[in-house]
Amino acid sequence: MKRKIKITAWGIATIILLSGCIIGGLALLNQPFEKTTIFPDEGRENPADTTFTVNGIGIKMIGVKGGKINCKGLRGTIELKDFYIGETEVTQELWTSIMGNNPSVHKDSILCPVEGIDLVECLDFVHKLDSVSGIKFYIQSYPEWLYVAHFGCMDANSSYYDDGMSWYKENSDNITHPVKQKKPNALGIYDMVGNVSEWTISGSDPLFFVVGGSYETEKENCKIDAHDVYHANIKMGATDLRLVCYPEVAKKQE
C-alpha cells in the first residue's frame with residue numbers, strides 16, 4: 001500500500017513531469033499554431049483495447065496509436081507515444097468505490113460521471129486507484145485529449161455537434177447523464193464533448209486546462225479546440241477526469 005501523498009504545488013509539479021506532458025519545453029522561437037493538426041503514425045495500428053477490473057468494476061481503456069500534434073495556440077510540434085485512454089469519464093460508481101464518497105450534485109445514477117471535484121481531489125483519487133489496482137494510471141494531458149478528440153472525428157460521419165453524440169445545454173435538461181448514452185467517436189470513446197468537462201494536467205501550476213464543455217455549455221461553444229483555465233484547488237461544477245495509461249501497463253495484465 002502506497003503511503004498517502006501530501007498534495008502541494010511541488011506534488012502537482014512532480015505528477016505533471018511524470019505524465020510525460022512537457023508543454024513547458026516547447027520551442028519558443030516558433031509562432032503559435034493557428035489551428036490544431038494531428039499526424040497519426042500510419043505505420044502502425046492502434047493498440048488493442050484492454051479492460052482492467054478494480055473492486056469489481058470494469059475500466060475499459062481504448063488503445064490509441066501515437067503520432068504528432070500541433071496544438072492551436074501553442075508552440076512546437078508535440079510527439080505522443082502509444083497510449084490508452086478511458087472509454088468513458090470516471091463514473092460515480094468507480095469514484096465511490098475508491099474514495100468512499102460521492103461529491104456529485106446529480107446522483108440519479110451511479111453510472112453518471114462524477115462531478116464537482118477539483119484537480120487536487122483527482123490526483124488523490126488516481127493515487128488511491130493505483131494503490132488498490134496495482135496499475136499506474138494518470139490524468140490525461142491536454143495534448144493527449146486534443147489528439148484523441150481530433151483523431152476520433154476525422155471520419156466525415158463523426159461530429160461532436162450531432163445531438164446523437166453529445167450532451168450540451170440544448171438537449172441535456174440541465175443535468176448530467178449516464179455514460180455511453182450517446183454515440184462514441186470513431187475511436188470508440190464516449191462523451192469527449194459535453195455531459196461533463198474534464199481536467200487535464202496541462203497548464204502552469206496552480207492553473208490547469210479544462211476541456212470538452214459540459215451539459216451547461218451551449219452547443220455552439222462546445223468546440224474541441226477551446227479550453228478553460230481553472231485553479232487546481234477550486235471546485236468547479238460539472239467537471240470530471242478521464243484516465244490514461246501506457247502500453248507497458250497493459251502488457252503486465254496479459
Side-chain angles (χ1 to χ4, degrees), residues 1-2 15 18-21 38 40-69 78-99 110-114 122-123 125-155 158 165 178-193 195-196 198-202 211-212 240-254:
M1 183 69 71
K2 298 181 183 178
I15 291 174
L18 290 175
S19 74
C21 173
I38 66 168
D41 186 345
E42 300 301 339
R44 60 183 189 270
E45 300 293 325
N46 289 325
D49 300 343
T50 188
T51 299
F52 304 108
T53 301
V54 181
N55 289 346
I57 300 168
I59 305 173
K60 185 172 182 180
M61 305 295 289
I62 304 297
V64 182
K65 65 182 177 182
K68 296 179 180 180
I69 179 170
I78 298 169
E79 187 166 354
L80 298 174
K81 297 180 180 180
D82 291 355
F83 62 99
Y84 290 85
I85 191 165
E87 178 188 41
T88 71
E89 295 145 334
V90 171
T91 63
Q92 295 177 27
E93 179 183 40
L94 179 59
W95 181 277
T96 302
S97 78
I98 298 299
M99 303 298 286
I110 59 173
L111 296 182
C112 285
V114 70
C122 292
L123 294 171
F125 166 79
V126 171
H127 172 73
K128 291 178 179 177
L129 177 63
D130 290 354
S131 297
V132 171
S133 66
I135 300 163
K136 188 63 179 175
F137 289 102
Y138 298 86
I139 298 172
Q140 65 192 349
S141 70
Y142 177 62
E144 286 169 339
W145 183 89
L146 199 56
Y147 183 84
V148 168
H150 278 273
F151 200 173
C153 69
M154 292 178 73
D155 183 338
S158 297
M165 200 165 183
V179 299
K180 301 177 70 170
Q181 297 300 298
K182 295 291 187 178
K183 295 183 297 185
N185 69 11
L187 292 175
I189 301 169
Y190 294 84
D191 293 328
M192 289 297 294
V193 167
N195 210 6
V196 292
E198 302 174 20
W199 283 104
T200 76
I201 46 71
S202 298
V211 295
D240 191 9
L241 74 155
R242 193 182 296 264
L243 300 169
V244 299
C245 65
Y246 299 99
E248 57 270 20
V249 173
K251 289 179 181 178
K252 292 179 181 178
Q253 300 300 113
E254 295 177 352

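For the single chain, residues carry numbers from 1 onward in sequence order.
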I'd like to know whether Ile85 forms a side-chain contact (heavy atoms from CB on, under 4.5 Å) with Glu144, so could you lay out the CA-CA distance, the side-chain angles of the two residues, the decisive distance to 0.1 Å, and finally the verdict. CA-CA 9 Å; Ile85 191 165; Glu144 286 169 339; 5.6 Å; no
A side-chain contact here means heavy atoms from C-beta on lying under 4.5 Å apart; do Val114 and Met99 qualify? no
Contact between Pro113 and Thr88 at the side-chain level, heavy atoms closer than 4.5 Å - yes or no? no
Quick one: are Ile98 and Val54 in side-chain contact, heavy atoms under 4.5 Å? yes
Polar side-chain atom of Tyr190 near backbone of Glu89 as donor-acceptor pair, under 3.5 Å: no
Please determine whether ring-ring contact (aromatic ring centres under 6.0 Å, His included) holds for the pair Tyr138 and Phe83, giving the CA-CA distance in whole Å, both sets of side-chain angles, and the decisive distance to 0.1 Å. CA-CA 11 Å; Tyr138 298 86; Phe83 62 99; over 10 Å; no
What are the two closest non-hydrogen atoms of Pro247 and Tyr84, and how far apart are they? CA-CE1, 3.7 Å
Should Leu129 and Leu243 count as side-chain neighbours, where that means a heavy-atom distance under 4.5 Å? yes
Atom of Ile139, atom of Trp199 and distance for their closest heavy-atom approach: CG2-O, 3.9 Å
Return yes if some donor-acceptor pair links the side-chain N/O of Asp82 with the main-chain N/O of Lys65 below 3.5 Å, else return no. no
Using only atom types and a distance under 3.5 Å, with no angle test, would you say the side chain of Tyr147 pairs donor to acceptor with the backbone of Gly66? yes
Taking every heavy atom of Arg44 against every heavy atom of Leu80, the minimum-distance pair comes out as NH2-O, 4.4 Å
For a 4.5 angstrom cut-off between non-hydrogen side-chain atoms, does Lys136 reach Tyr246? no
Heavy-atom nearest pair, Asp191 first then Glu198, reads O-OE2, 3.5 Å
Smallest separation among heavy atoms of Pro143 and Ser202, with atom names: CD-OG, 3.6 Å
Would you indicate whether the side-chain heavy atoms of Ile110 and Thr96 approach each other to under 4.5 Å? no
Determine, stepwise, if the pair Phe52 / Cys245 fulfils side-chain contact (heavy atoms from CB on, under 4.5 Å). CA-CA 11 Å; Phe52 304 108; Cys245 65; 3.9 Å; yes
With no hydrogens and no angle check, is any side-chain donor or acceptor of Asn185 less than 3.5 Å from a backbone partner on Leu187? yes
For Gln140 against Trp145, the heavy-atom pair lying closest together: OE1-CD1, 3.3 Å
Hey, does the side chain of Asn55 reach the backbone of Ser97 with a donor-acceptor pair shorter than 3.5 angstrom? yes
What residues form a ring pair (Phe, Tyr, Trp, His ring centres under 6.0 Å) with Phe125, not counting sequence neighbours? Trp95
Residues passing the side chain to side chain donor-acceptor pair (under 3.5 Å) test with Lys182, sequence neighbours excluded, are none
Examine distances only and state if a side-chain atom of Asp49 and a backbone atom of Gly63 form a donor-acceptor pair shorter than 3.5 Å. yes
Distance in Å, Asn195 CG paired with Lys180 NZ, rounded so as to fall on 0.5 Å steps: 14.0 Å
Residue pair Leu146 / Val211, side-chain heavy-atom distance below 4.5 Å: no
One should read off an interatomic distance between Asp41 CG and Lys68 NZ, to the nearest 0.5 angstrom, of 9.0 Å
Atom CD in Glu87, atom CD1 in Ile62: separation rounded to 0.5 Å? 5.0 Å
Are side-chain heavy atoms of Ser141 and Ile201 found at a separation under 4.5 Å? yes
Could you measure the distance from the CD1 atom of Ile38 to the CD1 atom of Ile78? Nearest 0.5 Å is fine. 13.0 Å
